[in-house]
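Encoded as structure tokens, the structure appears first; notes follow it.
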Amino acid sequence: MPLAFLTLFFAWPVVAIIGLGVRVQLFDTLTSADTWSLVGFTLGQAAASTVVAIVAGMPLAFLLARCRLPGRGLIQAIVLVPFVLPTVVVGLAFRGLMPGGGVWSIVLANAFFNVAVVARTVSGLWASIDRRAEDAARALGATRLRAFTSVTLPALTPAIGSAAAVVFLFCSTSFGVVLILGGAEYRTLETEIYLRTVQLFDLPGAAALSILQLAAVVTALVIGAVARKRRQAALKLSGSKETARRPVGGEWVVVGVAYGVIALLLTPIVHLISQSSLAGFRALSSTGHDNSLEVTGFRAALNSMGTATDATVIALILGVLSSVALTRLGKTAEFVDVAMMLPLGVSAVTVGFGYLITLDALPGDLRTSPLLVPLAQAIVVTPLIIRILLPVLRSIDERLRQAAGTLGASPWRVWLEVDVPLAARSLVTAAAFGYVVALGEFGATSFLARPDAPTLPIAIGRLISRPGELNNQMAYAACTLLVVVTVAVAVLIERFRTTVEEF
């Protein structure tokens, strides 16, 4: 089912849009020095952003997985908030904080988005690791750092590798951040595809760059899959015992670093909120200056919540089925895994335009259907859910399943009684991530959302692009509303997650 969905709503549109121009100037584009300069900058800024995100995300992962401190639910919410903010708005926030722009502003802004990916993905597995192996190493004389690097870090390698792959793909296809902070001097493949498609109407050139981008993504995914397969630790999850406790000794240093990272994450958010005003919030009940929107800002917020819910349900079904299948497949597992990750690395411009030229061939013409946006968002969310669930499902001791089967449990009962309880934490994390990603998705939605049914990020983008002080105030007020909604959803999910663990 997931592969059928991927074929119909991803492979077909992408192949169709690429086929429009691949025969025209593929060779000229691929042999151009400017093209390879774009490739170099795209990969370089993505790699630097990934390193920064991992370095900043690991202390947060420790704080979330191993520390029992007051306000943990609020910390969970704060970590999630950057990931949901529209890229254009964050680009504006970092331009206000770093007026000079440049490469470092792009790297830091991309890392700002993706610290949550590292923190939540790694913490989901870290919280399930039995502390006794690390305590045994400490009892044998190992320092706290030596115990971490020798025992815990190898066990976390699959989750770190999964998070790094997702972050790299997100950063290599970053659009709004590079567009705002890079200006005319710094461009990536993604912004160049957009420029050639929307402004220059050079569809053949954009198609050729899309092929190059897809090839780079496939290469990165294959390398990541091979690395994960070679380095994956023989970790076995044997229970759901709580591993969080109050920090001791040198652990407080890591906690202090984690709180420092949280303060840095809050800085752009506080800057955004400081730009909003009461006049802007009042204007959200209107359609803006000169009717810049066709609906009110509050209506756009309701549209966002509805489409995000639909997209999350679809993505959870596809992601869970894919993760379960990948734990059972043999030699073809890595190939299927790479295939399911491809949507993260393909231009949203390519997918959006592909939908517009292909989906009219399906019964009912989905191009005018309200399901079009949730389907596009589900394509983006599903790989992230797989990356969160798969390391945990693969780490479950197969002997537990065999024991349940020996006692007469059916395969379905085994999955419910063994896999679900052990993976419950990661499943709720995946749902939370899926929802907030869909809530703030901007790229594909900007090409598919109808003018009379925009999501909140699309409304923010339209308001920013229109003249008028009222529109600017509405945009920042709408961004603040998006932050509030995200925090509320994250806190509710954290409470539900706690209930699941206690049950």
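Side-chain contact between Thr312 and Val381 is absent, with no heavy atoms from C-beta onward closer than 4.5 Å. In this structure, the side chains of Thr327 and Leu390 come closer than 4.5 Å at one or more pairs of heavy atoms. Residues Val351 and Phe9 have side chains not in contact (no heavy-atom distance under 4.5 Å, counting atoms from C-beta outward). At a threshold of 4.5 Å between non-hydrogen side-chain atoms, the residues Ile75 and Ile262 count as touching. With a 4.5 Å cut-off on side-chain heavy atoms, Val118 and Val167 count as touching.
For the pair Gln45 and Val107, the tightest heavy-atom approach, listed with the atom from each and the gap, is O-CG2, 4.2 Å. Here the closest non-hydrogen pair linking Ala431 and Leu316 is CB-CD1, 3.9 Å. Annotation for Pro370 and Pro374: closest pair O-CD, 3.2 Å, computed over non-hydrogen atoms. Here the closest non-hydrogen pair linking Leu60 and Val79 is CD1-CG2, 4.2 Å. Minimum interatomic distance between Ile386 and Ser322 (heavy atoms only, all atoms of both residues): CD1-CB, 3.5 Å.
How far CZ of Arg187 is from CD of Glu192: 4.5 Å, rounded to the nearest 0.5 Å. Within the model, atoms OG of Ser49 and CD1 of Ile54 stand 11.0 Å from one another, a figure rounded to the nearest 0.5 Å. Distance check: Leu375 CG to Leu359 CG gives 8.0 Å after rounding to the nearest 0.5 Å. Atoms OG and CG, from Ser286 and Leu293 in turn, are 8.0 Å apart once rounded to the nearest 0.5 Å.
Put simply, the side chain of Ser274 gets close to the backbone of His271: a donor and an acceptor are under 3.5 Å apart. Here the side chain of Ser426 pairs no donor or acceptor atom with the backbone of Ala423 at under 3.5 angstrom. For Arg466 (side chain) and Ser292 (main-chain N/O), a donor-acceptor pair under 3.5 Å exists by modelled atom type. When atom types are taken as modelled, the side chain of Glu294 and the backbone of Ala453 share no donor-acceptor pair closer than 3.5 angstrom. The backbone N or O of Phe170 sits nowhere less than 3.5 Å from a side-chain atom of Ser174 that would complete a donor-acceptor pair. With hydrogens and angles disregarded, a donor-acceptor distance shorter than 3.5 Å links the side chain of Glu441 to the backbone of Thr445. Using a distance-only test at 3.5 Å, with no hydrogens or angles considered, a donor-acceptor pair links the side chain of Thr42 to the main chain of Leu189.
Centroid-to-centroid, the aromatic rings of Tyr186 and Phe41 come within less than 6.0 Å. Phe112 and Phe94 have their aromatic ring centers within a separation under 6.0 angstrom.
Between the side chains of Asn303 and Thr455, not a single donor N or O lies within less than 3.5 Å of an accepting N or O.
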